[in-house]
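Structure, as structure tokens:
All chains are named by letter (A, B, ...) in the order of the sequence lines, taking the proteins before the strands, and each is independently numbered beginning at 1.
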Protein chains: 2
Amino acid sequence: MTMRERAQRYSAAQRRVIDAALDLFAEQGVGGTSLQMIADAIGVTKAAIYYQFRTKEEIVIAVAEVELQRLEVALEAAEAEGSSAEARDTLLRRVVEVAVERRGAVRTIQSDPVIIRFLAEHEPFQQLIVRLFTVLVGDNPGPAARVRAAVLTAAIGGAVAHPFVTDLDDETLKAELLRVTRRLVLLPG
Amino acid sequence: MTMRERAQRYSAAQRRVIDAALDLFAEQGVGGTSLQMIADAIGVTKAAIYYQFRTKEEIVIAVAEVELQRLEVALEAAEAEGSSAEARDTLLRRVVEVAVERRGAVRTIQSDPVIIRFLAEHEPFQQLIVRLFTVLVGDNPGPAARVRAAVLTAAIGGAVAHPFVTDLDDETLKAELLRVTRRLVLLPG
DNA sequence: GTCTATAGAATGATAGAC
DNA sequence: GTCTATCATTCTATAGAC
């Protein structure tokens, strides 16, 4: 099952939990967020949360899936163009758009230690990463290409939530970020 | 008091707490790390931890200070060269070196939601950031320069701990990372 | 400086009424 | 689907002996 298919299975009530959890994760971290906090944010009791998700871990995975689903949609658009330089540019443009529009969430998903651990053991996520890097730097990249790929993803994910750009509007940030990251991708091997 | 001066005040016993805390923060996040875990890692009791630090918050700040002290040393070396292009390159080279050598710690400090919150309210840290960006992009940068600065710091901090480069040795990673980030700094306006 | 013991609150999770 | 009530566990933090 793809990330997108998984993400679409969540009900409206589960979505409310996911949305509230994401906000709290961004502020307090996953470890610092209790089920009680999530329940209070929605205005229900802890037991109501447990009706929607069996464990806290399932909430963490659901939060990640819903966000990464947007990344998968961007990836599919790029893969449809093959593996050309145009496909790479399409991917970059789409990823930058998604990252800017979901500024707060992106950084949380990409940097919270607890989420990183869960995702590292999460099969659908690993497949997504492999597909992403295949489009970006090909099948069997050397050290230079791997560093470039790491820089690229870290740059996009980290920069959109950076204090220095919080007051920039989405369009300005998208344009500037795309300009800078394009140079990174186009760097010679 | 500068960050460096603060960091040097910690005793050997406090250092042991700080070192153990840093490892646990990287694995479990700050919110997911209890004083009991830190005590167990060192082989002492919780009360012994409380003798060294009055609260958990003080441990978090101490961990950040000890790491950021390295950044401050790099910054001082660059400031000694004025605000030329050479000073910028010196800063970049030193920051990349420190980041690679302290791979694990860098990402934790830069991305854990709890640490980010503490640092945002921590005066010595704010001064450090202002100095850092002054050398990097000057005094009153426009949107383009700010995005570039955000990309640069996010890229370095995020890339060194990225799964795609974990098996690269320090020297290779330093050289490649410096090559890529130099292009970022040297980008026109 | 390190220990035991403990207070008081909050945690994840479950059972069962409505 | 949401509630109250409750479980065992863990948490931060403190007091006081050695």
| note | In B/S/- notation (B base, S sugar-phosphate only, - none; protein heavy atoms under 4.0 Å), nucleotides 13-18 of chain D written 5' to 3' is BBB---

| request: Please state whether the rings of B:Phe53 and B:Tyr10 are parallel, tilted or perpendicular, taking 30° and 60° as the class boundaries. | output: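 The rings of B:Phe53 and B:Tyr10 sit tilted, inter-plane angle from 30° to 60°.
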
Less than 4.0 angstrom from a charged side-chain N to a carboxylate O is my criterion; do [X] and [Y] meet it?
X: B:Arg107; Y: B:Asp112; answer: no
X: B:Glu65; Y: B:Arg4; answer: no
X: A:Arg88; Y: A:Glu81; answer: no
X: A:Asp19; Y: A:Arg15; answer: no

Can you tell me if the side-chain N/O atoms of [X] get under 4.0 Å from OP1 or OP2 in [N]?
X: A:Tyr51; N: D:dG1; answer: yes
X: B:Ser34; N: D:dT10; answer: no
X: B:Thr45; N: C:dC3; answer: yes

Can you measure [X] atom [atom1] to [N] atom [atom2] for me and round it to whole angstrom units?
X: A:Ile49; N: C:dG12; atom1: CD1; atom2: P; answer: 11 Å
X: B:Phe53; N: D:dT12; atom1: CZ; atom2: P; answer: 15 Å
X: A:Ile59; N: C:dG12; atom1: CD1; atom2: C1'; answer: 11 Å
X: A:Asp40; N: C:dT11; atom1: CG; atom2: P; answer: 9 Å
X: A:Gln28; N: D:dC11; atom1: CD; atom2: P; answer: 18 Å
X: A:Gln36; N: D:dT4; atom1: CD; atom2: P; answer: 11 Å

Residues 36-48 of chain A, side-chain donor-acceptor partners within the protein, below 3.5 Å, at least two apart:
none

| query | Taking five pairs at each end, how big is the angle between the two axes of the helix from C:dG1-D:dC18 to C:dC18-D:dG1, to 10°? | reply | 10°

| task | With rounding to the nearest 0.5 Å, note down the distance linking CG in B:Leu71 to CZ in B:Phe125. | result |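 That separation rounds to 8.5 Å.
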
| Side-chain heavy-atom pair A:His122, A:Pro124 within 4.5 angstrom cut-off |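 SC-SC contact between A:His122 and A:Pro124 confirmed.
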
| task | Examine distances only and state if a side-chain atom of B:Gln110 and a backbone atom of B:Gly158 form a donor-acceptor pair shorter than 3.5 Å. | result |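 Answer holds: no.
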
